[in-house]
Structures are given as structure tokens and as C-alpha cells.
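Okay, structure first, notes after.
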Number of protein chains: 2
Amino acid sequence: MILSIDLSSDVPIYQQIRDRIVEAIASGELVEGSPLPSTRQLAADLGVNFHTVNKSYDLLRQEGLVRLNRKSGAVVQRDAGSGPPEAGFTDEWAARLRTLLAEAVAHGVDGSSVLAACGSTLASFAVRTADLTTDQGEPA
Amino acid sequence: MILSIDLSSDVPIYQQIRDRIVEAIASGELVEGSPLPSTRQLAADLGVNFHTVNKSYDLLRQEGLVRLNRKSGAVVQRDAGSGPPEAGFTDEWAARLRTLLAEAVAHGVDGSSVLAACGSTLASFAVRTADLTTDQGEPA
DNA sequence: TATCTGTTCTATAAGTAATAGAGCAGATAG
DNA sequence: CTATCTGCTCTATTACTTATAGAACAGATA
């Protein structure tokens with residue numbers, strides 16, 4: 001898995017790593033069971049300290065997205081097809097969504113454009129998740 | 001304007017204040033020209049230091065959402081009807097949208113539910129912005 | 001045995017968040 | 001003129017976060 005981070009960003013490195021992995025899971029690039037590189041390996045590839053990667057993986061474990069153990073390393077525990085989210089997730093997430101959408105609206109982006117952006121972003125995930133969601137048969 | 005913050009949240013206070021004001025602008029509760037309470041007044045109301053509120057207002061000024069000056073205090077500078085966003089905003093915002101939507105998808109929320117959440121959130125803003133977006137004639 | 005894995009400890013330097021107090025410039029009200 | 005409001009700026013402190021670093025342990029693997 002190739003993963004790129006921006007060292008000059010104001011977003012913390014460990015957060016960027018987490019974000020890129022979450023996006024890879026959403027897009028189907030990573031699925032349940034996919035192995036992640038070891039913390040030391042990924043740290044070496046990115047040119048950062050392994051404690052930083054450790055923090056990212058620990059965050060993902062706390063969120064229930066990955067499983068960590070000594071023998072198999074870091075493995076993706078859930079993806080788009082792993083069932084509904086744990087209790088409490090949706091409310092907290094919806095609050096953050098509200099803030100983010102408000103930002104666009106306040107800056108003058110009209111509602112239909114915002115919704116279109118949401119739709120095309122979701123579609124960009126669905127291209128790769130199509131084979132997962134074919135249970136009900138849901139095309140992009 | 002009544003504005004509530006959560007002191008036990010992991011979200012910084014100054015960020016919460018900014019977020020609530022952005023949401024108030026998006027919902028039309030605050031429009032271009034609306035006065036914001038003074039930093040000292042709002043700080044007293046919320047029970048926080050006025051430097052913290054100062055930081056929130058400064059952030060909003062940097063984003064171009066409010067205008068600050070000694071004689072008129074803090075005044076909302078733009079709202080949903082103030083035209084398109086400044087260059088660079090949309091790309092950076094879209095990246096954050098991608099991460100947030102990916103989070104929901106990775107946790108198992110299906111695409112249509114995510115899009116529905118976006119739609120209803122936007123609708124909750126549109127209730128108050130309706131009189132602005134039907135404009136040409138904007139009541140004071 | 002040697003090496004890989006995650007995991008846990010201490011430690012440090014730099015930055016952020018929130019507090020606090022003092023003061024200045026300009027506008028406004030008495 | 002005086003008093004008080006406004007945004008704004010400065011120094012300072014405390015606590016927490018970020019990212020670095022090195023060392024070591026437990027267990028699995030070659």
C-alpha cells in the first residue's frame with residue numbers, strides 16, 4: 001500500500017496516516033482481513049518515527065477499524081460491508097458533518113453544490129466497493 | 001445569541017466557539033451585518049477567558065467570515081448569500097469532506113444513508129436560509 | 001539463535017490551549 | 001473631561017499534545 005503524507009501540513013502526521021487508511025478502507029482498497037505494513041516498516045517508508053505510526057494504528061484500533069496482534073501484525077477488522085457502526089458513532093459523526101457542511105454553506109457554496117460534492121465523493125468510494133455491496137446490487 | 005460549549009469535550013474551546021458561529025451563519029441565524037457579542041461579553045457568558053474568545057474571532061476573521069473593528073465590534077461579513085468562496089477554499093474543504101465521509105463508510109454506514117444525512121443536514125440550514133436564497137429582495 | 005512482530009516504558013524539544021493581568025488606541029456616553 | 005466600552009497587543013504561566021528517540025519485553029517465525 002502506497003500512502004503519502006504532507007509533512008508541511010498543519011494536520012498531525014499520525015492523523016494523516018489514520019485518515020489515509022480510513023479512506024483506503026472506504027474505497028475498498030483495503031478490506032476486512034487486509035494486512036497493514038508493520039509500524040516500523042511504514043515508519044521507515046514514510047521517513048517518520050515508528051512511535052508516530054504506532055499512534056495512528058492505536059487510534060484505528062480504538063475506532064474498531066483494525067485488529068492488532070503480535071503474530072499477524074495489523075489487520076483491517078472492518079470495511080464497508082461489516083455491518084452497522086457501533087452505538088454512539090453516528091451521533092458524534094453527524095455533529096462533525098454538520099460543522100463541515102456549515103462551513104461550506106457559510107462561505108457561499110450553495111446547498112446543491114455541497115450535496116453534489118458529497119455524492120461524487122461517495123461515488124468515488126463506491127467504484128471499488130461495488131463488488132462488496134452487490135448483495136442488494138447497488139451500482140454507482 | 002445563545003451559544004453553548006462543552007468544557008469536557010476534546011475539541012478546543014476556541015474551536016467550538018468558531019464552529020457554533022459558522023453553523024449559525026450557515027443556518028441564517030446570523031446574516032451579513034449581524035453583530036456578534038464583544039469578546040469580553042461572550043467570554044463572561046461562557047465562563048471562559050476573553051483571550052480564548054479572541055482566538056475564535058481571529059480565526060473567523062482569517063476565514064473571512066467576520067469583520068472586526070473598534071467602533072462596531074465584531075460583525076458578520078459573509079453568509080450563504082454573499083457569493084462564491086475564495087480561491088483555495090473548495091479544494092481544502094473537499095479533502096476534509098472526503099475524510100469525514102470515508103469514516104462513515106468504513107464504519108459500515110451505507111452510501112445512501114450518508115447522502116441522506118448530508119441532505120437533511122443541509123435542509124436544516126435551508127429552513128432559515130430560505131428567505132435569503134429566494135432573494136433579490138432581502139428583508140433587514 | 002536471530003529476527004520479525006506489537007507493546008510498553010522513559011525522556012526531550014517544540015508547539016498548542018487556556019489561563020491571567022496589564023496596558024494602548026479609538027470610539028461613545030455621561 | 002471623565003468614564004467606559006470596544007478591539008488589539010504584549011508578557012507570562014501551566015498543562016497538554018506532537019514528534020522525536022532509545023531501550024527493552026513477549027511472543028511468533030525462520
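So that the names make sense, note that chain A is the first sequence line, chain B the second, and so on, each numbered from 1. Computed from a predicted structure; not experimentally measured.
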Exercise. With sequence neighbours left out, what residues match A/P84 under side chain to side chain contact (heavy atoms under 4.5 Å, CB included)?
Worked result: none
Problem set entry | Partner set under side chain to side chain contact (heavy atoms under 4.5 Å, CB included) for B/L97, not counting sequence neighbours | A/L100, A/L101, A/A117, A/C118, A/T121, B/W93, B/L101
Exercise. Hey, any chance A/L7 and A/Y14 share a hydrophobic cluster, counting ILVMFWY side chains that come within less than 4.5 Å of each other, even indirectly?
Worked result: no
For [X], which residues count as a salt bridge (charged side-chain N to carboxylate O under 4.0 Å, His left out) partner, sequence neighbours excluded?
{"X": "A/E32", "value": "none"}
{"X": "B/R96", "value": "A/E103, B/E92"}
{"X": "A/R67", "value": "none"}
{"X": "B/E23", "value": "A/R98, B/R20"}

Exercise. Below 4.0 angstrom from OP1 or OP2 of D/dG7, is there any side-chain N or O of B/T39?
Worked result: yes
Seminar exercise, completed: Between CG of B/D58 and P of D/dT9 the distance, given in whole Å, is 8 Å
For this session: Grab the CD-C1' distance between B/Q41 and D/dT4 for me, whole Å please.
Result: 14 Å
Problem set entry | Pairs involving residues 34-43 of chain A, ordered by first then second residue, that meet salt bridge (Lys or Arg N to Asp or Glu O under 4.0 Å) (sequence neighbours left out) | none
Problem set entry | Five-pair end axes of the helix from C/dG6-D/dC25 to C/dC24-D/dG7 and the angle they enclose, rounded to 10° | 40°
For this session: Locate the shortest heavy-atom distance separating B/A106 from A/I25; write the atom from each residue and the value.
Result: CB-CG2, 3.7 Å
Exercise. Among side-chain atoms of B/S113 and B/D110, is any donor-acceptor pair under 3.5 angstrom?
Worked result: yes
Reckon [X] touches a base, only the sugar-phosphate, or nothing at all at heavy-atom distances under 4.0 Å?
{"X": "B/T52", "answer": "base"}
{"X": "B/R67", "answer": "nothing"}
{"X": "A/N54", "answer": "base"}

Exercise. Which two nucleotides bound the region of DNA chain C that has atoms under 4.0 Å from heavy atoms of chain B, read 5' to 3'?
Worked result: C/dA17 to C/dA27
Exercise. Given that B/G73 and A/G47 both sit by DNA chain D, which one's nearest nucleotide is further toward the 5' end?
Worked result: B/G73
Problem set entry | Main-chain N/O of A/I5 paired with A/S9 side-chain donor or acceptor, under 3.5 Å | no
For this session: Answer yes or no: is there a donor N or O on one side and an acceptor on the other, between the side chain of A/S120 and the main chain of A/A116, under 3.5 Å?
Result: yes
Exercise. For every nucleotide of nucleotides 22-30 of chain D, 5' to 3': is a protein heavy atom under 4.0 Å from its base (B), only from its sugar-phosphate (S), or from neither (-)?
Worked result: BBB-BSS--
Problem set entry | Residues in contact with DNA chain D, drawn from residues 10-17 of chain A - heavy-atom cutoff 4.0 Å | A/P12, A/I13, A/Y14
Exercise. Considering residues at least two apart in sequence or located in another chain, which fulfil the side-chain hydrogen bond (donor to acceptor under 3.5 Å, both in side chains) criterion with B/D6?
Worked result: B/S8
